[in-house]
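Nothing here was measured: the structure is a model prediction, and the numbers come from that model. Numbering starts at 1 and runs along the sequence shown.
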Amino acid sequence: MTSTLQIRHSILRKTVGITLFLFTASAIAESNNIETLLTKGDSILKTNPTEALNIYHEAENQLSASHNLQQQARVYYKLGTTSLQIGYYPKAITELKSALTLYQKLDEDSIVAELYSDLGSAYYFGEIKGGNEAEKYFQKAYAAFSKIGLPASAQFNANYLGYIHWAKGEKEKALEIHKLCLAVFDTLNNLKGRTICHSDIGFTLNSLGRYNEALEYNLKALELATQMQDPLIITPILNNIGISYLNLKDLKKAEKYSQLSLQKAEKISQNLRTKEALANLHDVYAQMENYKMAYETHLQLKAINDSIKDLAAIRKLAQSDEQAAFSLKQVQIKAQQAEKDALANAKLNHEKDRNIALMSGIGMLIVIALLLILNIRSRSRGSKLLKKKNNQLEDSNLLIAKQNQKLLEHHNELEEKNEELKTLLNELKQAQSKLIQYEKLASLGVLTSGVAHEINNPLNFLKSGIYALEELVENLPKDDNQELANTIIDHMNTGLKRITYITTELNRFSRNSAEKEFVACDVHKILNNCILILKPQLGSTSCTIQTNFANHSIIILGHESSLHQVFTNILDNSIRAISTSGTITISTQVLKSQQLEIRIEDTGCGMSEEVMHHAFDPFFTTRQAGEGIGLGLYVSYQLIVSHKGTINLESQQNVGTICIINLPINKSKK
């Protein structure tokens, strides 16, 4: 006769069997569903990465039923690389590390190497932990790719190390790394690697101020990138070329290449590249003195900055929400695992109970069976109620956390907007100041030209009158009155010479020197002529002039008379700054950037910061009345700019002054 205990255990065995069958069938179905979701996400990844990320999250939600490590690794790899592509860097790091752990268990060396590189990128672009973590993972990626025999992939990660050194301010180190990587890519004949390295070297040389070298590398990068037809690579290269031409004062070419960069960036909706191109165009138009276009590009730049900041705020909020959702999913997975463990433990306990129950009496088993059934029902109801309450509590806590996070984000956003408004106000004030200054200078040029012209007309009448008076006085009897008349005429001639000198300087100030034709000029010869002209002036002081010229002649294209005027003005100022005794040293050297540097250093009285601030202003002078009109340094500045050069002052009171002039060298004439 079959006992009640046997019946009970038979029922339990069937129940457990059915449960295991349904669990296994469900796991298989969910596993197939995960594959379907991954395929669906892959199909739209290139066109809509945000929607693809949502689909990969759906696959992640079903991972609790999957014991397939390969499948789990694929899901986290898709989540991590897609989050990196969109820019959710903290979340990308978490997911990529999960994928890395799984692929390391699966001994997938090639994917492990790629994950090291992706983690380096996430830390670098997310600006997390100061670049140290990024450097560590790029080095790991380099070693991993080298080990499995992929030298090109290894070298790309070595090149990324240059970016980290550049971000730390170690630009020369970054340049060295990019050049070493270029040599390797040349050996491998890898077109993409050669293109990127040429572009990186050109960018780094621009940041170091070595614009001629930078231009050569940037133009080579453009030539190689054109073969690839990849707009993502071509766009920044075009702007780098524009930056080189801007600093080499070839404004037309700078405008051309920056415009091309802007067009390509807008076509592929690259906001960051659009911002870079607009920033360079703004500087180009400012130097062209095309203030209308400069203002228009400033407005466009402001709009793209707002767009990037708004996008960053949305991205930050999305990252926060998805990180919270990710944490909640992890808790759910752990809870589901705990339930599985509890089910397994219950099964073991059940087997023990069955063995004990077999040795017990029939009556006791009936009672135990009834109590067990009642207990199971009671626990089931209590468990469901407790789980429901816990879920409600978790939902409430999650809602409160989200609200707090949103309030914090809004607060931070308001602070950023306030800072942005302050910055914009300062920019507008600076722009207004520059416009006023430019208008003053333009008006001043017209005014001085007109004043000089109007003074010259009556001046001619005065000169004619004095000539007539001189003839009349010569015919008068030679007595005290004639002597007095001659003295008065001498004084009048002195005044006329002074007026003539002032009008000459005014005409020189307003004249456009760009209309003159450039010729070959020997700089050392011009400097020696200036020293010879000023020798009589040195006789009144104990001042000496020393020269430290380069050991070869240096020829540049320019206006010889204009350069004479510049050097004479500066040397005259140095002589006047030395009251008793001192030394003036003139040095020349050729810089690596193919610029001629001329340094005129004196041991005179020096200048205060206030005087230096106005040194190049027109009509500003520290001399006594009648000794100068304050146009010397201003005219010198204008003449050097017309030669596409620069002039700067360094001075310290009671120590001396250094004037540094840089002029471009014509290679064919050297």
Side-chain angles (χ1 to χ4, degrees), residues 15-46 48-86 88 90-119 121-122 137 140-141 144-145 147-148 150 153 322-348:
T15 302
V16 171
I18 293 170
T19 302
L20 290 173
F21 172 79
L22 293 174
F23 178 80
T24 303
S26 175
I28 294 172
E30 289 187 358
S31 178
N32 291 334
N33 192 29
I34 289 172
E35 290 296 328
T36 302
L37 289 170
L38 289 176
T39 303
K40 182 180 178 182
D42 292 344
S43 66
I44 63 170
L45 180 59
K46 289 185 177 180
N48 193 345
T50 303
E51 183 59 29
L53 184 63
N54 292 332
I55 294 172
Y56 296 145
H57 277 307
E58 291 181 27
E60 181 193 15
N61 292 336
Q62 301 185 27
L63 281 180
S64 58
S66 174
H67 297 283
N68 187 333
L69 287 182
Q70 186 76 33
Q71 194 173 65
Q72 292 177 13
R74 285 180 59 210
V75 171
Y76 284 113
Y77 181 83
K78 293 292 184 182
L79 286 169
T81 53
T82 308
S83 296
L84 175 60
Q85 179 182 346
I86 295 174
Y88 299 164
K91 187 173 185 301
I93 289 170
T94 301
E95 293 162 341
L96 289 169
K97 284 185 175 180
S98 297
L100 177 63
T101 301
L102 293 169
Y103 277 117
Q104 284 174 333
K105 291 180 181 178
L106 294 167
D107 292 328
E108 295 279 0
D109 293 339
S110 60
I111 300 179
V112 167
E114 291 175 4
L115 285 166
Y116 282 145
S117 183
D118 289 337
L119 280 165
S121 298
Y137 279 105
K140 284 187 174 183
F145 279 120
K147 183 178 179 181
I148 60 179
L150 294 173
S153 298
E322 290 197 9
Q323 286 172 358
F326 177 78
S327 299
L328 181 60
K329 288 170 188 172
Q330 291 294 95
V331 172
Q332 291 173 346
I333 291 172
K334 289 180 180 178
Q336 291 170 353
Q337 186 62 41
E339 288 179 3
K340 291 179 186 177
D341 294 339
L343 182 61
N345 290 332
K347 184 178 179 182
L348 291 173

Enquirer: Please report the shortest heavy-atom distance between Ala59 and Leu38, naming the atom on each side.
Expert: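 Result for this residue pair: CB-CD2, 4.5 Å.
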
Enquirer: Could you grab the distance from atom CD1 of Ile44 to atom NZ of Lys40, nearest 0.5 Å is fine?
Expert: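 Answer rounded to 0.5 Å: 7.0 Å.
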
Enquirer: Taking distance alone, no hydrogens or angles, what donor-acceptor pairs closer than 3.5 Å link side-chain atoms of residues 100-116 to residues at least two apart or in another chain?
Expert:
unit_1: Thr101; atom_1: OG1; unit_2: Lys97; atom_2: O; d: 3.1
unit_1: Gln104; atom_1: NE2; unit_2: Tyr116; atom_2: OH; d: 3.3
unit_1: Glu114; atom_1: OE1; unit_2: Tyr77; atom_2: OH; d: 3.2

Enquirer: Leu150: what forms a side-chain contact (heavy atoms from CB on, under 4.5 Å) with it, not counting sequence neighbours?
Expert: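 Only Phe145, Ile148, Ser153 meet the side-chain contact (heavy atoms from CB on, under 4.5 Å) criterion with Leu150.
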
Enquirer: Any idea which heavy atoms bring Ile55 and Leu37 closest together, and the distance?
Expert: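 Result for this residue pair: CG2-O, 3.2 Å.
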
Enquirer: For residues 72-86, which residue pairs qualify under salt bridge (Lys or Arg N to Asp or Glu O under 4.0 Å), counting only residues two or more places apart or in two chains?
Expert: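 Only Glu35-Arg74, Asp42-Lys78 qualify under salt bridge (Lys or Arg N to Asp or Glu O under 4.0 Å).
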
Enquirer: Run the numbers on Leu45 and Tyr56 for side chain to side chain contact (heavy atoms under 4.5 Å, CB included), then give the verdict.
Expert: CA-CA 10 Å; Leu45 180 59; Tyr56 296 145; 4.2 Å; yes

Enquirer: For the CD1 atom of Ile34 and the CD atom of Glu58, what is their distance to the nearest 0.5 Å?
Expert: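 It is 11.5 Å, given to the nearest 0.5 Å.
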
Enquirer: If the condition is side-chain contact (heavy atoms from CB on, under 4.5 Å), which residues does Thr50 pass it with, not counting sequence neighbours?
Expert: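 Expected list: Asn48, Ile86.
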
Enquirer: Return the minimal non-hydrogen interatomic distance between Gly41 and Ala52, and the atom names on each side.
Expert: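 Nearest heavy atoms, Gly41 then Ala52: O-CB, 3.5 Å.
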
